[in-house]
There are 2 protein chains.
Amino acid sequence: MAIAAEDVKAPSGRRERILRAAIDVIRERGFAGTRVSDIAERAGTSQGLVLYHFGSLAEALSTSLTLLEDEFYTELDEELSLAEGPIDRLWHMAELASGYGPAVGDWRLWLELWARAMHDDDARQARESLDRRWRAALLTVIVEGVAAGDFVVADPARASLRLAALMDGLAIQLALEDPGMTRATFTDLWWEAAVLELQISDPKRHKLPRKRARNRA
Amino acid sequence: MAIAAEDVKAPSGRRERILRAAIDVIRERGFAGTRVSDIAERAGTSQGLVLYHFGSLAEALSTSLTLLEDEFYTELDEELSLAEGPIDRLWHMAELASGYGPAVGDWRLWLELWARAMHDDDARQARESLDRRWRAALLTVIVEGVAAGDFVVADPARASLRLAALMDGLAIQLALEDPGMTRATFTDLWWEAAVLELQISDPKRHKLPRKRARNRA
DNA sequence: CGATAAACTGAATGACCATTCAGATGCCGT
DNA sequence: ACGGCATCTGAATGGTCATTCAGTTTATCG
């Protein structure tokens with residue numbers, strides 16, 4: 001069950017623990033395969049409590065999406081605040097997407113979300129705002145880079161759209177563990193495209209990847 | 001129900017009708033939401049028959065994936081045989097992917113397949129071979145183009161990988177009906193990337209899209 | 001024309017799960 | 001220490017399917 005000793009009794013902590021458990025289960029078994037009992041078991045509680053807190057399974061899943069959004073935003077902001085210039089920021093985004101943090105590059109979850117977005121409205125909204133946010137960040141970086149003279153792009157909007165889409169596409173292979181697609185290949189292929197698309201003049205130092213740090217699960 | 005008058009009694013046709021019905025339902029309701037009764041209703045038969053032919057729902061779904069593969073291959077081969085040179089072929093592939101035919105550009109189905117591939121082995125294999133096939137075709141076109149002097153690429157394998165991934169990424173927006181992503185935008189953005197990546201010298205005439213022809217459903 | 005098998009049906013059967021519920025347990029202010 | 005409220009539990013309850021089955025229709029072929 002894997003319950004940290006810390007706050008076994010904290011009454012409020014229970015709610016969030018359930019949401020985290022839900023996310024973990026979704027990642028493993030998919031939205032469709034996630035049952036109340038899975039969540040309860042993973043969270044170390046009873047089924048009853050899950051329903052007590054969220055009323056229904058559907059509601060629990062939706063709410064966990066909200067938590068996911070929060071983590072995503074936090075992670076993105078945090079990471080971007082660390083970077084110095086546009087080139088560095090862009091590189092950081094590539095790393096994030098390749099799976100550096102717990103949320104942004106959690107592609108199995110994204111594939112699930114995409115599929116669910118076609119049939120569930122909460123999922124649709126969640127993925128839409130997550131995606132919008134990500135693309136906006138990318139666009140901002142590109143615009144900054146153009147202003148700073150680091151990038152040369154005719155149409156930043158198009159460029160960001162395309163680079164974002166390329167990430168998604170590469171991510172599919174990553175999530176499905178396609179032979180030949182690794183974290184390294186991902187960043188490599190994407191960075192090359194970015195260099196080409198944005199006409200980055202001096203992409204030198206960025207070739208060295210950072211230390212690893214995988215998902216909590 | 002929508003049963004064509006043609007072969008209501010054809011005994012063998014029934015099987016395939018069921019498979020097509022299954023695919024239709026999957027596209028609409030997703031793998032997870034597809035019930036035996038949905039398929040039966042859509043095919044205009046009884047639940048019993050679906051199970052009679054395929055033994056189980058899971059088996060019916062798997063088998064329908066095989067039919068999908070067949071259609072995909074047929075469509076791809078047909079389309080490629082029509083095109084003249086590498087540039088034209090490449091353009092045809094872009095059109096196919098944008099949803100020109102019934103199978104290749106049926107992106108809702110692809111999103112479903114990706115998600116299912118994470119949990120179901122038949123789906124995993126299906127998507128893998130479909131994807132491999134598609135990328136191989138792309139690679140072939142690129143290599144031909146290089147040989148013919150139409151394209152200039154350092155590493156055709158990387159280029160095809162990237163262009164294929166870009167398609168997938170753009171396709172997600174298409175499937176999810178992201179505002180701002182249409183068939184036209186899709187081909188437009190992709191073609192521009194291809195021109196850049198492959199250094200296509202003379203992409204002129206291809207800017208005009210062909211007549212529409214959507215999915216049967 | 002039978003007769004045998006294949007195709008087909010619709011009504012059980014039973015498993016699996018979300019949800020409900022009656023009550024236990026801990027918490028907090030007084 | 002006590003009343004009351006939030007939290008929590010585990011065992012019903014009931015609905016929704018996949019699957020089974022007993023039997024009917026349709027095709028095939030000698």
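First the proteins, then the strands, lettered A, B, ... as listed; each starts at 1.
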Between D:dT19, C:dT9, D:dT9, spot the one nearest the side chain of B:Leu57, thanks. D:dT19
Among D:dC17, D:dT19, C:dA18, which nucleotide has an atom closest to any side-chain atom of A:Arg35? C:dA18
Using a cut-off of less than 4.0 Å, is there contact between a side-chain N or O of B:Arg14 and OP1 or OP2 of C:dT9? yes
Expressed in angstrom and rounded to an integer, what is the separation of B:Ile18 atom CD1 from C:dC8 atom P? 7 Å
Considering only heavy atoms from C-beta outward, does the side chain of B:Met93 approach that of B:Leu80 to under 4.5 Å? yes
note: A:Leu49, atom CG; C:dG26, atom C1'; distance rounded to Å ~ 13 Å
Any salt bridge linking B:Arg162 with A:Glu192? Criterion: basic side-chain nitrogen under 4.0 Å from a carboxylate oxygen. yes
A:Val36 has a side chain; which of D:dT9, C:dT19, C:dA7 sits nearest to it? C:dT19
Length of the CZ-C1' vector between A:Arg15 and D:dC8, whole Å: 15 Å
Has A:Tyr52 got a side-chain N or O lying under 4.0 Å from the OP1 or OP2 atom of D:dC8? no
For a quick test of reading the model: is some side-chain N or O of B:His53 closer than 4.0 Å to OP1 or OP2 of C:dC8? yes
Atom CG of B:Leu51 to atom C1' of D:dA18: distance rounded to whole Å? 7 Å
Output yes when a side-chain donor or acceptor of B:Glu71 lies under 3.5 Å from a complementary backbone atom of B:Ala103, and no otherwise. no
Min side-chain heavy-atom separation A:Leu113-A:Leu65 under 4.5 Å: yes
Which nucleotide sits closest to the side chain of B:Gln47: D:dT9, D:dT19, C:dA6? D:dT19
